[in-house]
There are 2 protein chains.
Amino acid sequence: MTLSDRKKRVTIKDVAHAARVSTQTVSRVINNVSYVSDETRKRVEEVVEELGYRPSTLARSLIQQRSYTLGIVTYGLKYIGPSRTLNGIADKADQLGYMLLMKELDDFAADSIDEVLDSLLARQVDGILWAVPQIGSNRNWLTNRLASTPVPVLFLTMEPRSGVPSISTDNYQGAVVATQHLLDCGCKRIAHISGPMDWWEAQERKRGWRDTLEKAGMDASEYRCTEGNWSSASGEQAFIQLLSSFPYLDAVFVANDQMALSVLREAHRQGIQVPEKMAVIGFDGIPESAFFYPSLTTISQNPQLIGEQAIQYIVEMIQARQENQPVVITSRFIQPTLIIRESTKPA
Amino acid sequence: MTLSDRKKRVTIKDVAHAARVSTQTVSRVINNVSYVSDETRKRVEEVVEELGYRPSTLARSLIQQRSYTLGIVTYGLKYIGPSRTLNGIADKADQLGYMLLMKELDDFAADSIDEVLDSLLARQVDGILWAVPQIGSNRNWLTNRLASTPVPVLFLTMEPRSGVPSISTDNYQGAVVATQHLLDCGCKRIAHISGPMDWWEAQERKRGWRDTLEKAGMDASEYRCTEGNWSSASGEQAFIQLLSSFPYLDAVFVANDQMALSVLREAHRQGIQVPEKMAVIGFDGIPESAFFYPSLTTISQNPQLIGEQAIQYIVEMIQARQENQPVVITSRFIQPTLIIRESTKPA
DNA sequence: TGCTATTATGTTATCGATAACATGTTATCG
DNA sequence: CGATAACATGTTATCGATAACATAATAGCA
């Protein structure tokens, strides 16, 4: 293929000319609105087919002030969680006829946030999905910026705030269920390996662990908890440290499956039998966790479901705004589920 | 925030009016072209700041026939490989000032391919990255369609074809290295668990295994190979089947790390010591593989690198086309690397 | 039969920006 | 000092579509 083979884009004018009608009539045919005689319709359709005409969504978006495109801001795509969410998002968006304009954030400076927001808005997205975990104070920007944003913004994974729409996994409840499960297994000295404590999700999981133990009249002191950074490598470190600060533990609730993987390995190396001597429970429910040795009991999130619900929700918001109707703004939670496998043994 | 608070988009006209100049002058200021007096420039800039004006990329794309947006077609986002590639893509695209319009393909019917292509082209993407693995005959469409596509299309992971630009991991060479490594470890009866054989990548990996064994004068008969579907669950099945058809094996080259995970577990269950009795090598190099028990020797791909190179390459193609210069169309390969860990032991 | 409703199609304005062209003003130089 | 170049700004056309309005032909009905 040489360069000269490049075809010029076929426009509505070309079609109109070839079919000997006005562009408006062509528009009527392709959008199937108003009156067009069968004869004309047929003629236009033939020309469309013949020339391979496809209307420019770009031009359409400009005049209609609506792009059928959603801005997706993600973070940490290299991890499996965010990409599974993205998967759910992509799926549902497609179903509802939306395209996705994607942007991966790599830091939380106010400037880069502004830039990302602006670049999406400049492309007339109809709504924005902020699929970036809440870390430290990286949500403070919204106080100033959100009010002046001309399209709905929906947040995934954040602490509920009144007036801010969000969808999150119920990390706290998940942690409660996990810890309760360990109690039900008869465990008495339950430790925790947390995620990085500036992550809201990590805080919630830890809080669930602490509250449940305290409610059961048990000790949840700080020495019974160490902090990882979600990676398997950090999980190994955290576990080793935990063993030295709290050698008599008989169960660990690990804040994610990746870290749990290396806890299992290290336990095996040190001759600690799982689940007999020590029960282990993870969080996330990655597919591989069923094939760890022993297979891992875990709290399973459904990131695809979150993605789907997110699209559903934001499309509702867009629609409502279009029709000038009020929207109920809520913070929604999705419950994770307990999957019992070999690494814990109910009494 | 009530609905009436929604601000109308600030346009170039608003700025022009407020600064008492023509829209053209505003355009000159924001694009920094041609002559504008310091005084006027300052005044315009102040108004831009004050009104929070951001030019509409949409309108700009329409007139300039260029969107600075790339279409990305992916498949299987729920798996870690594709999303890591996407990560590399997102990163580099951002660096070079491109946005990504994403579409996840879920089947390979000609119709859906046409639709995806059309929807991207309707939004004036400057180029398309086809990041969908080659499976069965799902690349046949390009014969007809590609020639009439007005923008460059770059394929990730496909069999080289003359005239079609592509970037792939060198799966064959990776498999050769893997198999050779097992030979170097002194293994004599080397089995293979392949991916689904309609995947080109799976074929290449198997071919590398077979060729290397035959070259070394060893047997690579069919009974020494079973087929999985990349999942850990299928790996377990494939391994069990393999053990019955080829009980005396002393090494397995597994086509990906997920399947290798369950091979390790099943070996452990059956009391087969790894690496003493049986060496295991994987493919992909997912981060977790370093924390399997035993840690997994594997052929490591760098999907982020592939993503980056892909962006680089397609941007070159776009630029060349813009300037009406010829582009050299090549099929590029990226070499994966061997990572030796505990699951194999060099002699 | 004449009037209104329905059907069919065309014309002009518009979305928000830039390209191409036009025009006026101020330096610069032989 | 007048011609030319450099500077500064404005006007009109354009990208590819749809909205809003206009017009003409046919149909239905009192």
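Just so you know, these numbers come straight off a predicted model, no measurement behind them.
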Within 45° cone of B/Y313 ring axis and under 6.0 Å: B/R332 NZ or CZ: yes
C/dG30 - base-pair partner by Watson-Crick or wobble geometry, distances under 3.5 Å: D/dC1
Base partner of C/dG2, which must satisfy Watson-Crick or wobble distances under 3.5 Å: D/dC29
Using atom [atom1] of [X] as one end and atom [atom2] of [N] as the other, report the distance to the nearest whole Å.
X: A/K13; N: D/dC15; atom1: NZ; atom2: C1'; answer: 8 Å
X: B/I30; N: C/dA19; atom1: CD1; atom2: P; answer: 11 Å
X: B/Q65; N: D/dA13; atom1: CD; atom2: P; answer: 20 Å
X: B/L121; N: D/dG16; atom1: CG; atom2: P; answer: 14 Å
X: A/I12; N: D/dA19; atom1: CD1; atom2: P; answer: 11 Å
X: B/E39; N: C/dT26; atom1: CD; atom2: P; answer: 13 Å
X: A/R123; N: C/dA17; atom1: CZ; atom2: P; answer: 13 Å
X: B/L62; N: D/dT18; atom1: CG; atom2: C1'; answer: 13 Å

Closest-nucleotide ordering on DNA chain C, the 5'-leading residue of A/R28 and A/Y35: A/Y35
Side-chain N or O of [X] versus OP1/OP2 of [N]: is the shortest distance under 4.0 Å?
X: B/T25; N: D/dG10; value: yes
X: B/T11; N: C/dC15; value: no
X: A/S34; N: C/dA8; value: no
X: A/S61; N: C/dC15; value: no
X: A/Q64; N: D/dA19; value: yes
X: A/Q24; N: D/dA17; value: no
X: A/S37; N: C/dA8; value: no
X: A/S22; N: C/dG10; value: yes

Nearest listed nucleotide, side chain of A/R60, among C/dC15, C/dA17, D/dT18: D/dT18
Minimum-distance nucleotide to A/I63 side chain [options: C/dA17, C/dC15, D/dG10]: C/dC15
pair B/M99-A/M102: side-chain heavy atoms closer than 4.5 Å: no
[atom1] of [X] to [atom2] of [Y]: how many Å apart, nearest 0.5 Å?
X: B/L77; Y: B/T85; atom1: CG; atom2: OG1; value: 10.0 Å
X: A/L96; Y: A/I318; atom1: CG; atom2: CD1; value: 10.0 Å
X: A/Q312; Y: A/L305; atom1: CD; atom2: CG; value: 10.5 Å

Residue whose closest nucleotide on DNA chain D lies nearer the 5' end, B/R20 versus A/V26: B/R20
Side-chain donor-acceptor pair present, A/R145, A/N140, cut-off under 3.5 Å: no
Touch class at under 4.0 angstrom, heavy-atom based, for B/T57 against every strand present: nothing
Touch class at under 4.0 angstrom, heavy-atom based, for A/R54 against every strand present: sugar-phosphate
